[in-house]
Number of protein chains: 2
Amino acid sequence: MRIEDEIKGRFRNDYHKGMINMTYTVKQLSYDFLQLLKNHGLTEPQYNIMRVLRGNRSGRPASIGYIKERMLDKSSDVSRIIDRLHGKGYIDRTENSEDRRQKVIAITGKGLDLLDKMDDCEKKVDKLLENLGPDEVNELNRLLDKIRG
Amino acid sequence: MRIEDEIKGRFRNDYHKGMINMTYTVKQLSYDFLQLLKNHGLTEPQYNIMRVLRGNRSGRPASIGYIKERMLDKSSDVSRIIDRLHGKGYIDRTENSEDRRQKVIAITGKGLDLLDKMDDCEKKVDKLLENLGPDEVNELNRLLDKIRG
DNA sequence: ATAAATTAATTGTTTCAACATATAATGTTC
DNA sequence: GAACATTATATGTTGAAACAATTAATTTAT
């Protein structure tokens with residue numbers, strides 16, 4: 001549906017419309033994804049952190065800062081999100097004896113089990129843009145990269 | 001810059017990449033805009049509500065529900081955002097004698113003055129996508145509309 | 001005309017973003 | 001090695017999103 005029809009209100013020009021359109025589309029797609037996450041009791045940043053921890057094959061232990069670097073949202077409040085995941089038993093948090101300022105964060109067996117059960121969430125992400133053909137997705141990626149300069 | 005280089009981590013496929021790319025791009029553009037708003041002491045939803053109120057040439061008084069319909073974020077907590085704007089003196093809020101469930105929300109002179117001074121914010125929105133040519137913006141809008149089906 | 005359903009707005013709760021500040025450990029410099 | 005700077009994390013605060021639940025006014029149904 002055209003964005004003009006979904007949101008009451010007018011746009012000054014196509015550039016204005018483009019920005020609103022993008023914001024609105026991301027919001028709508030994220031919502032669909034969020035509903036799935038909620039079935040498993042996780043929020044989006046919680047899920048992202050769990051995936052970062054599972055994906056850590058770097059050999060190095062993951063610190064708060066390591067996780068932060070890999071989050072979409074760099075200003076994200078990793079300390080407190082880790083708190084909540086720890087409370088649910090999905091994460092271990094120990095002091096790093098190499099550098100006692102750092103914490104060593106690791107996903108637990110319980111956390112890994114949960115992620116395994118959340119396979120449908122990964123599949124969902126790959127389907128959010130399914131209305132576009134392969135060429136169109138590439139064109140979208142090109143335009144987005146160009147926007148950011 | 002290509003999204004692969006800005007975010008550490010890999011994508012399963014172009015569809016996955018497209019969704020992350022869009023989310024990340026919106027986040028970055030919104031941040032630029034937010035900084036401008038902050039100079040004027042408003043948050044994004046506060047600014048949006050003020051603009052809806054200024055733009056209300058419908059003759060009808062604006063209720064909470066009227067504003068909600070025109071917000072990008074339909075689940076937005078208009079009541080409490082209105083509270084804060086009222087606290088700053090930018091909005092009047094009175095009971096609607098026609099239907100005493102409703103409130104009549106109106107922007108004050110002080111609010112209008114503020115919006116006039118925030119001209120730079122409107123200009124900024126129109127420039128967020130300036131890296132794209134006119135045809136590219138149209139193509140972007142077409143793709144976004146198609147994504148939402 | 002009264003009861004039931006709907007609507008408009010408010011309030012409460014949890015989680016998070018964005019920001020500032022604090023605290024403790026480690027590095028650097030003189 | 002003592003003073004200072006930097007780094008890693010934690011904490012505090014405000015504003016907001018996403019829900020649920022509540023309250024009060026209006027509409028509908030019987």
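Proteins come first, then strands; the chains are lettered A, B, ... in the order of their sequence lines, and each starts at number 1.
- Going from atom CG of A:Leu36 over to atom C1' of D:dA18 covers 16 Å, rounded to whole Å.
- For the 3.5 Å distance criterion, the side chains of B:Asp14 and A:Asn141 fail to qualify, holding no donor opposite an acceptor.
- Checking B:Arg101 against B:Ser76, the closest nucleotide of DNA chain D that is more toward the 5' end is the one next to B:Ser76.
- Atom CD1 of A:Ile82 is separated from atom OH of A:Tyr90 by 14.0 Å, given to the nearest 0.5 angstrom.
- With respect to B:Val78, the side chain to side chain contact (heavy atoms under 4.5 Å, CB included) criterion is satisfied by exactly one of B:Ile105, B:Asp83, B:Ile67, B:Asp73: B:Ile67.
- When rounded to the nearest whole Å, the span between CD of B:Glu69 and P of C:dA9 equals 10 Å.
- For the pair A:Ser97 and A:Glu44, nearest-nucleotide mapping onto DNA chain C gives the more 5' position to A:Glu44.
- In terms of phosphate contacts, A:Tyr66 brings no side-chain nitrogen or oxygen within less than 4.0 Å of OP1 or OP2 of D:dT9.
- Salt bridge annotation for B:Glu95-B:Lys103: absent, with no cationic side-chain nitrogen under 4.0 angstrom from a carboxylate oxygen.
- In this model, the phosphate group of D:dT14 is not approached by any side-chain N or O of B:Gln46 to a distance below 4.0 Å at OP1 or OP2.
- With sequence neighbours left out, A:Tyr15 forms a ring pair (Phe, Tyr, Trp, His ring centres under 6.0 Å) with no residue at all.
- Side-chain N/O atoms of A:Asn21 and B:Arg148 include a donor and acceptor closer than 3.5 Å.
- The distance between atom CZ of A:Arg100 and atom C1' of D:dT7, rounded to the nearest whole Å, is 15 Å.
- Contact check, A:Gln102 against D:dA10: no side-chain N or O comes under 4.0 Å of OP1 or OP2.
- Between A:Lys27 atom NZ and D:dA16 atom P the separation is 12 Å, expressed in whole Å.
- For B:Lys38 and C:dC19, the shortest distance from a side-chain N or O to OP1 or OP2 is below 4.0 Å.
- Summarising the geometry, the separation between CG on B:Leu34 and P on C:dC19 is reported as 7 Å, rounded to the nearest angstrom.
- Regarding contacts with the backbone of C:dT10, a side-chain N or O of B:Lys103 is found under 4.0 angstrom from either OP1 or OP2.
- Paired with B:Lys123 under the rule side-chain hydrogen bond (donor to acceptor under 3.5 Å, both in side chains), one option of B:Asp126, B:Asp120, B:Asp119 passes, and it is B:Asp119.
- The side chain of B:Asp99 lies closest to D:dA25, out of D:dA18, C:dA9, D:dA25.
- For A:His86 and D:dA10, the NE2 to P distance is 11 Å, given to the nearest whole Å.
- Near DNA chain D, meaning a heavy atom under 4.0 Å from it, residues 77-85 of chain A has A:Ser79, A:Arg80 in order of number.
- A:Asn48 has its CG atom 17 Å from the P atom of C:dT15, to the nearest Å.
- For the pair A:Ser75 and C:dA18, the criterion of a side-chain N or O lying under 4.0 Å from OP1 or OP2 is met.
- In the set D:dA17, C:dC16, C:dA9, D:dA17 carries the atom at the smallest distance from any side-chain atom of B:Pro45.
- A salt bridge links B:Arg80 to B:Asp77: one of the charged nitrogens lies within less than 4.0 Å of a carboxylate oxygen.
- Whole-Å rounding puts the B:Glu95 CD to D:dT26 P distance at 9 Å.
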